[in-house]
There are 2 protein chains.
Amino acid sequence: MKLPGRKGVRSLFHFLHVSMTVPLRMMKKGSDPFPFLLLVFFCSFYGTANAECLVRGTGDLGIVIERASGSVQVVDTTAKTSLFRVEGLGDLSHASAVFSRDARYAYVFGRDGGLSKIDLLCGSLVKRVVQAGNSIGGAISQDGTLVAVSNYTPGGVKVFDAQTLAQVADLPAADEAGSLSKVVGLVDAPGQRFVYTLYDAGEIRSVDMHDPDKPQMQRFRDIGRLPYDALITPDGRYYIAGLFGEDGLAMLDLWQPQQGVRRILDNYGKGEEKLPVYKMPHLEGWAIAGRQAFLPAVGRHEVLVVDSDSWKEAGRIAVHGQPVFVVAQPDGRRVWVNFAHPLNDTVQVIDTRSLQVIHTLRPGKGVLHMEFTPRGEAVWISVRDADTVQVYDTASFKLLAELPAEKPSGIFFTSRAHRTGL
Amino acid sequence: MKLPGRKGVRSLFHFLHVSMTVPLRMMKKGSDPFPFLLLVFFCSFYGTANAECLVRGTGDLGIVIERASGSVQVVDTTAKTSLFRVEGLGDLSHASAVFSRDARYAYVFGRDGGLSKIDLLCGSLVKRVVQAGNSIGGAISQDGTLVAVSNYTPGGVKVFDAQTLAQVADLPAADEAGSLSKVVGLVDAPGQRFVYTLYDAGEIRSVDMHDPDKPQMQRFRDIGRLPYDALITPDGRYYIAGLFGEDGLAMLDLWQPQQGVRRILDNYGKGEEKLPVYKMPHLEGWAIAGRQAFLPAVGRHEVLVVDSDSWKEAGRIAVHGQPVFVVAQPDGRRVWVNFAHPLNDTVQVIDTRSLQVIHTLRPGKGVLHMEFTPRGEAVWISVRDADTVQVYDTASFKLLAELPAEKPSGIFFTSRAHRTGL
């Protein structure tokens, strides 16, 4: 814990002043001061315990993952400052996070199977459990009571009580032959569901967790070879998995699960195995803006435009490098794109109406992630090799603030608490 | 202030226990206890001052307007309980509210021109200004620094600093001849804009408030006769005003303001002046779910379905009464409808894919408002004549909780802080 809030410090000083001076002045000469001082000590302790935790709203908080040092910073997006650093979170390469529905706690999913619960108001690590050997992300249930983690080793999904981190369900990912499968693309969905994909088994599972003792599972087999990641549309209706072993994507309509999984965008990834793919693009990196989806082409310096009614390709936009994240401003008017190594010093901005690149920024080497403030007036960009997080005005592209951070990667704001599938 | 939080009470008791017993036990016989007791008093006071304000996240808070008593309740949507009642807010008939970007403060717009700032963590009225004789709602700017209020008497819009409620701009609503106009349909829009409509002058204005000393105003004249209300689509792109004096609606594309205002839905309201209209439906009561908009028909027992690409009517759904609010679940899968007097004891639920009414609830007489939890697992419904707020599970339609409230009307949750146009 660092950087106690100003209010806490002021309260503490005020308290010490009152508690030290008034009674000491009133004490009769010759009486023993020890009990007073002890009482002062207790009072101070009480004051300090409170002072460490901030009395403030949590709607404008967020965290920045510091991947190399296994720490996160708690940030304030109004003041554009850092409030706390929380350490001891283990291996945070590829880490992601979700938030409790009161927006007080962050749940951080580490690569080493660690699930850490962080108190944003106190800047403290509330609890950490190492729940598997190797994990790849998680989700929080619609009602905020359950946190699920998807695992590579030994595979499967484990579900925890969001308050205590006690395990409440284990969902192994065995196929018909009993082989365990890596799990990818875990998301929450409306109806208290978790939806995820079995990499080895080529299967999507949708689990209703209304009763954690009796998870109700729907299975969708033979969706295609080696699904490597997935996303859910912002309304929680369509779940789409990318396939490493073949072209196209597997889509499930969660409003009509009885129709099963269908293949969309047959050309997606076609023939791209012949190109060097520096980084398999994240599917969470899709942007859905109005009726259009914008997604990274695999291995090409292009962003694909897809009609989200027909799920057919509607255009391609030439960009600076191989896109990694393609993220829509909250108003859907522009999408922002970062790129794979070695062109990862650049961010480009595309107008969603004209489908033109309208601006290029060069924040520095190692642009890893971008997060918009909830109503989109600013974007926070992590620049790993410069050890900095930069904040830009989305209208003027002006640099508004820069915060030091140790090899920052993911940036996550508490407004995600109120969204599906994030 | 009422109902101190459990944590505060517990801390206070713990503190009193430590501060009373330990020093008294250690005090030597014969020494004067008065200074101890004084110190205990000071410490208790300190403890109480802190205990009144909660240390907790604000993502799951909200307010319920109690229109008859000029008060609001602060509620917790996780525990489904009331935390505080805040009184002295004046005339709250037709009141609405917006939230600060940190989700700590609510700004309540009263009918009597009062603008009240409420601290949700302390259950206190921070400040109240009576800024006009008669007002009709407000908005908070994209960056959260400015609160705007639209007025009937003397008309126009006033803009306040969100922290201090000091007035920072006055935007009178005079037409060419100098006549002042009532202002309706005030919303925030991306680009630090406020957009609003002049009732008497038939004009839409869009004001860029990046520099509050020099508001940049765009004016759109001759939009139609007597615009009575307006809405902005959730992405902040389309601003649509309803017309009392003629049929159809006036629409402005804020991405292409140079194209001016165009008329849509020519049939909207056509011939309805011959029907008794018990309550002019709110335009904020539109639901936009995917590519469809659902809106109350004027004077008829119907919900209209509109294609939000072409803005042409795509269907009509027969319902129980004259719809007032037509509200989409956050996942867009269903819309919920309440009705005008005398059929205001009922709520109906429409499936947005089949366009069928799939459920009817009867919460009681005087159903005035419905608010979904941010991820849609529950809906809160105010039932004025039963002096109650009811909480329903949106999947099972089961009544989950019921909270007493004095003539409740509007219900507003803090997740609105992160949305445009709410």
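Atom CZ of residue B:R353 and atom CD of residue A:Q256 lie 3.5 Å apart, to the nearest 0.5 angstrom. Taking CG of A:L54 as the start and CG of B:L121 as the end, the distance is 11.0 Å to the nearest 0.5 Å.
With a 4.5 angstrom heavy-atom cutoff, A:Q192 does not touch chain B via any of its atoms. Of the atoms belonging to B:D119, not a single heavy atom falls under 4.5 Å from chain A. Neither the backbone nor the side chain of A:T414 comes within less than 4.5 Å of any heavy atom in chain B. Both the backbone and the side chain of A:R333 come within contact range of chain B, each with at least one heavy atom under 4.5 Å from a heavy atom of that chain. Contact of A:D309 with chain B is made through the side chain alone, with heavy-atom distances under 4.5 Å.
With chain A as partner, the option from B:L61, B:T373, B:T78, B:D102 having the largest number of non-hydrogen pairs under 4.5 angstrom is B:D102. With chain A as the partner, the residue from B:G236, B:P190, B:P374, B:G376 showing the most heavy-atom pairs under 4.5 Å is B:P374. Put simply, of B:D393, B:T394, B:T58, B:T233, the one with the most heavy-atom pairs under 4.5 Å next to chain A is B:T58. Annotation: maximal heavy-atom pairing with chain A below 4.5 Å, among B:D76, B:T420, B:D60, occurs at B:D60. Interface check for chain A: of the options B:L120, B:T145, B:I140, the most heavy-atom pairs under 4.5 Å are formed by B:I140.
When every heavy atom of A:R56 is checked against every heavy atom of B:R104, the shortest pair comes out as CA-NH1, 3.8 Å.
The closest side-chain heavy-atom distance from A:Q142 to B:D331 is not below 4.5 Å.
Within the 3.5 Å criterion, the main-chain N or O of A:S141 finds a donor-acceptor partner in the side chain of B:R375.
Shown here is B:R419, whose CZ atom has no more than 12 heavy atoms of other residues, nucleotides or ligands within 6.0 Å.
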Does the side chain to side chain contact (heavy atoms under 4.5 Å, CB included) test come out yes or no for B:T77 and A:R101, once each step is laid out? CA-CA 9 Å; B:T77 68; A:R101 79 186 294 286; 2.9 Å; yes
